[in-house]
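Worksheet: one structure, shown below.
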2 protein chains.
Amino acid sequence: MAATRPYANAYDLLRESGLRPTRQRLALAKLLFDGTDRHVRAEQLHGEALADGIRVSLATVYNTLHQFTEVGLLREVIVESGRAYFDTNISDHHHFFCENSGELRDIPADQLAIARLPDPPAGKTVKRVDVILHLADLED
Amino acid sequence: MAATRPYANAYDLLRESGLRPTRQRLALAKLLFDGTDRHVRAEQLHGEALADGIRVSLATVYNTLHQFTEVGLLREVIVESGRAYFDTNISDHHHFFCENSGELRDIPADQLAIARLPDPPAGKTVKRVDVILHLADLED
DNA sequence: ATTCTATATTAGAATTATTCTAAGATAGAG
DNA sequence: CTCTATCTTAGAATAATTCTAATATAGAAT
Ligand SMILES: [Mn+2]
Ligand SMILES: [Mn+2]
Ligand SMILES: [Zn+2]
Ligand SMILES: [Zn+2]
């Protein structure tokens, strides 16, 4: 189940998502969907792209991350004011957030359960349930 | 149990919290701790202060909100990138967040329970558990 | 293959929320 | 009343993100 033919996978992923497989989107998709679960920030992904010799603007990285999120390839995680993370793990799960390192770490769905979810106010639906466990260093 | 003598209460609150009861802090404390649970943004509180004829800078509002949070009089709630809310309800509870209106609404602790909280990574403690239910309009 | 047009990319400016700086004001201890 | 640590503030600075409007490209149609 290793990621064979990553180019073809990225291409298909985009086509199936209704997004034009442009050079930039293909390159970013290959970086993002390499088979591992990642929590990326825009600036960081941009850096990785440049390091790989891919010429892409930061604006396009932002555009692409949002488009991928809209079509359900990514999920946005909000942990801190002024910081957006994009998560390649779109399955139901939650997060530890370490405020010291800025690192996000998955909590598998089976390790945290919510009992008795309240009803939303009239005329609204619950679109997303975000659980963030904020971590701090354990110092006596 | 109505809020009698709001000035004295604000004064005592600050003294007990180890904060100098300055004119600005007293005024902001009176606006914040009026007995109702509030979810305020800095800019908004600044507007309210100015509307009340209280001369205070936005920088001081930010400083004060953070100081109040540090001493436990407030709690910061993060719901969206680049948006911090300060909550006067410091008891254990969670939130609905309506992405359309930007409104935060309390979910009392007894209406939502978390079962099986995972262990934090070694050397860390869970400092805070944030549960945000993101709401969207219910349109067929 | 060539043309055409909707869609995508981009540099750079703009925006927004927040924090920083460093100079002046004030609380309150002595 | 003095003095000093603490506080407030205007304005600049920062950081993340979005916007603008000019250029480029994908891919459908010829
Ligand atoms: Mn977004
Ligand atoms: Mn803060
Ligand atoms: Zn995740
Ligand atoms: Zn609340």
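Each chain gets a letter, A, B and so on, in the order its sequence line appears, and its residues count up from 1. Atoms considered below: every heavy atom in the structure, side chains included; atoms not considered: hydrogens, waters and symmetry mates.
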Checklist entry - Can you give one letter per nucleotide of nucleotides 25-30 of chain D, going 5' to 3': B for a protein heavy atom under 4.0 Å from the base, S for sugar-phosphate only, - for none? => result BBS---
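- Side-chain contact, A/H95 with A/D130: no donor N or O sits under 3.5 Å from an acceptor N or O.
- Spacing between atom CZ of B/R55 and atom C1' of D/dA10 amounts to 13 Å, rounded to whole angstrom units.
- Comparing D/dT17, C/dG12, D/dA10 by their closest approach to the side chain of B/A59 singles out D/dA10.
- In this structure the side chain of A/L74 reaches within 4.5 angstrom of the side chain of A/F33, judged on heavy atoms.
- We find that CG of A/L26 is positioned 13 Å from P of C/dA8, with the value rounded to whole Å.
- Between A/L58 and A/E43, the closest side-chain pair of non-hydrogen atoms falls below 4.5 Å.
- The distance from the NZ atom of B/K127 to the CG atom of A/L133 is 13.0 Å, given to the nearest 0.5 Å.
- Looking only at atom types and distance, the side chain of B/H39 has a donor-acceptor partner in the side chain of B/D106 under 3.5 Å away.
- Sequence order on DNA chain D of the closest nucleotides to A/L58 and B/R25 puts B/R25 first from the 5' end.
- By the 4.0 Å N-to-carboxylate-O rule, A/D87 lies too far from A/R38 to be salt-bridged with it.
- Considering only side-chain atoms of B/S57, the nucleotide from D/dT17, C/dT18, D/dT9 that sits closest is D/dT9.
- Aromatic pair B/Y62/B/H46: centroids not less than 6.0 angstrom apart.
- Rounded to a whole Å, the CD atom of A/Q24 is 5 Å from the P atom of C/dT9.
- Taking atom NE2 of A/H46 as the reference point, atom P of C/dG12 lies 13 Å away to the nearest angstrom.
- Taking atom NE2 on A/H66 and atom C1' on D/dA16, their separation rounds to 11 Å, with Å as the unit.
- The interatomic distance linking A/N63 (CG) with C/dA11 (P) rounds to 13 Å, in whole Å.
- With rounding to whole Å, B/L50 atom CG is found 13 Å from D/dT9 atom C1'.
- Residues A/Q67 and B/A84 each lie close to DNA chain C; by heavy-atom proximity, the contact nearer the 5' end of the strand is made by A/Q67.
- Protein atom OH of A/Y62 is 16 Å distant from nucleotide atom P of C/dT16, rounded to whole Å.
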